[in-house]
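Here is the structure we will look at, set down as structure tokens.
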Amino acid sequence: MADSTEKRFRANLQTEIDGAHVYRVLAEVEADPHIARIYRQLAMVEEAHAVVWQKHLEALGRPVGAPKVGWRSRVLGHLARRFGPGFVLPVINGQEQADSGHYDHQPEAVADGLPQAERSHARVLQAIVGSSGSGMSGVALSQMEGRHRSGGNALRAAVLGANDGLVSNLSLVAGVAGASVDTHMLLITGLAGLVAGACSMAMGEWLSVSSSRELYQKQIDTERAELEQSPEEEKEELTLIYQAKGFPEDQARTLSDRLMSNKDTALDSLVREELGIDPKDLGGSAWVAAGTSFCLFALGALFPITGFFFLDGNSAIIAGIAASSVALFGIGVGTSLFTGRGTVFSGLRQLAIGLGAAAVTYGIGQLVGVSLGAG
């Protein structure tokens, strides 16, 4: 019983240490001082919670060594520094929402008021992401609204994009290998699958982002026309939106009057508040999205055919499977960043899925090869 209690306390302590580290990094790299201040406040609360669990461990007579940040939080911090807060914020927000009730059934946490603080963190982070504005000050809300809505799942997309290339090309090569072990044929098949799949992914991403941008632009043009034709109605809409966010009616009207005094500012605010669109971004560049998809798919698709550049026959096939297995496990570990599942479990699960798909296509290839040979 004591061992399970200690284990729970140490897990709670690690969670708070990791959370504080991530929020400190977000505060460092966030350009908006209002939001950076909120991140620092969240980090301070997490650090205070860590002290709570340190004291509980000391009360059990268990030593508490120097706190170390977990690998997942270090990776998220590195990505935030490299690509900005918006790259990792949806992942962090998802973890906060999932863990908001983590302390509800822990009596020590309830006694120290931790469940309420965790739910507060979840609400604040949800507001920063832009999905909710309740409870935030007018200044912070106006700064936050419309942020991080596009490209917010870039980390997830990167991992899954590489996974698509890896699993699809591994399955393709395995299927052909089931019918023939000719090294030259397998290499050509793998390269063809890499290029064809990467081009398909890039074209699909380009069309998706271009269509979204065109739709957003049409909505903005419609909003601009409405602002020109019915400014009073648009002002009333802004007032109602701010009232729905929790502003008193007089403050909502004052804010709307101030925004409507400048047509460009008014249009920007209406597009963000009413349509939920960032007019400066419009979903990002279609060409960047296409290029990124191409590269990620090609990177994943390269692993199954690496052996064919240096080896022949079965040796090349085994080398490709080995390289793919390592990559599949790594991708599984990568998915644990945004799922919160254990790294070993995630890695083994991804490995089983990828190799299972390859085994199915290999079996089909053998059946086809036997049928053709008999014919």
### Query
Ion pair present between Arg253 and Glu249, side-chain N to carboxylate O less than 4.0 angstrom?
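Counted as a salt bridge, because a side-chain N and a carboxylate O are separated by less than 4.0 Å.
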### Arg10/Glu6 salt bridge by N-O under 4.0 Å criterion
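Answer for the salt bridge query: yes.
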For the residue pair [X] and [Y], establish whether any side-chain heavy-atom pair is separated by less than 4.5 Å.
X: Ile38; Y: Glu30; answer: no
X: Thr5; Y: Leu60; answer: yes
X: Phe308; Y: His184; answer: no
X: Asp164; Y: Val167; answer: no
X: Asn314; Y: Ile317; answer: yes
X: Leu255; Y: Gln251; answer: no
X: Ile188; Y: Met185; answer: no
X: Leu26; Y: Ile92; answer: yes

Mind checking the [atom1]-[atom2] spacing from [X] to [Y]? Nearest 0.5 Å is all I need.
X: Glu205; Y: Phe294; atom1: CD; atom2: CZ; value: 14.0 Å
X: Ser210; Y: Leu215; atom1: OG; atom2: CG; value: 12.5 Å
X: Arg40; Y: Tyr23; atom1: CZ; atom2: OH; value: 14.5 Å
X: Trp287; Y: Thr292; atom1: CH2; atom2: OG1; value: 13.0 Å
X: Glu58; Y: Gln54; atom1: CD; atom2: CD; value: 6.5 Å
X: Leu186; Y: Ile305; atom1: CG; atom2: CD1; value: 10.5 Å

Measure from the side-chain N and O atoms of [X] to the backbone N and O of [Y], and report whether any donor-acceptor pair falls under 3.5 Å.
X: Thr335; Y: Gly332; answer: yes
X: Ser73; Y: Val69; answer: no
X: Thr183; Y: Gly313; answer: yes
X: Asp18; Y: Gly70; answer: yes
X: Ser336; Y: Thr343; answer: no
X: Ser208; Y: Gly204; answer: no
X: Ser315; Y: Leu311; answer: no
X: Ser211; Y: Leu207; answer: yes
X: Ser293; Y: Ala290; answer: no

Shortest non-hydrogen separation from [X] to [Y] and the atoms involved:
X: Ser324; Y: Leu170; answer: OG-CD1, 3.8 Å
X: Pro115; Y: Tyr103; answer: CG-O, 3.6 Å
X: Thr306; Y: Gly320; answer: OG1-CA, 4.4 Å
X: Gly190; Y: Asn169; answer: O-ND2, 3.1 Å
X: Phe297; Y: Ser168; answer: CZ-OG, 3.3 Å
X: Glu118; Y: Glu16; answer: OE2-OE2, 3.5 Å

Quick check on the hydrophobic clustering: are [X] and [Y] connected, directly or via other members, by side-chain heavy-atom contacts under 4.5 Å?
X: Val91; Y: Tyr39; value: yes
X: Val25; Y: Val75; value: no
X: Val29; Y: Phe83; value: no
X: Tyr362; Y: Ile353; value: no
X: Met201; Y: Leu296; value: no

### Partner of Asn12 under side chain to side chain donor-acceptor pair (under 3.5 Å), chosen from His49, His102, His56
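Of the listed residues His49, His102, His56, the side chain to side chain donor-acceptor pair (under 3.5 Å) partner of Asn12 is His102.
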#### Entry: Criterion side chain to side chain contact (heavy atoms under 4.5 Å, CB included) on Val110 and Asp104, from CA distance to verdict
CA-CA 7 Å; Val110 173; Asp104 288 355; 5.9 Å; no
### Task
Test side chain to side chain contact (heavy atoms under 4.5 Å, CB included) on Gln41 and Val45 and set out the steps.
CA-CA 6 Å; Gln41 292 171 344; Val45 174; 5.7 Å; no
### Task
Walk me through it: do Phe9 and Arg62 pass the test side chain to side chain contact (heavy atoms under 4.5 Å, CB included)?
CA-CA 10 Å; Phe9 287 174; Arg62 300 293 194 269; over 6 Å; no
### Query
In terms of heavy-atom contacts, does CH2 of Trp71 have more than 12 from other residues, nucleotides or ligands at under 6.0 Å?
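Yes.
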### Message
Run Lys68 and Arg74 through side chain to side chain contact (heavy atoms under 4.5 Å, CB included) and show every step you take.
### Response
CA-CA 10 Å; Lys68 295 182 179 180; Arg74 291 198 300 271; 5.7 Å; no
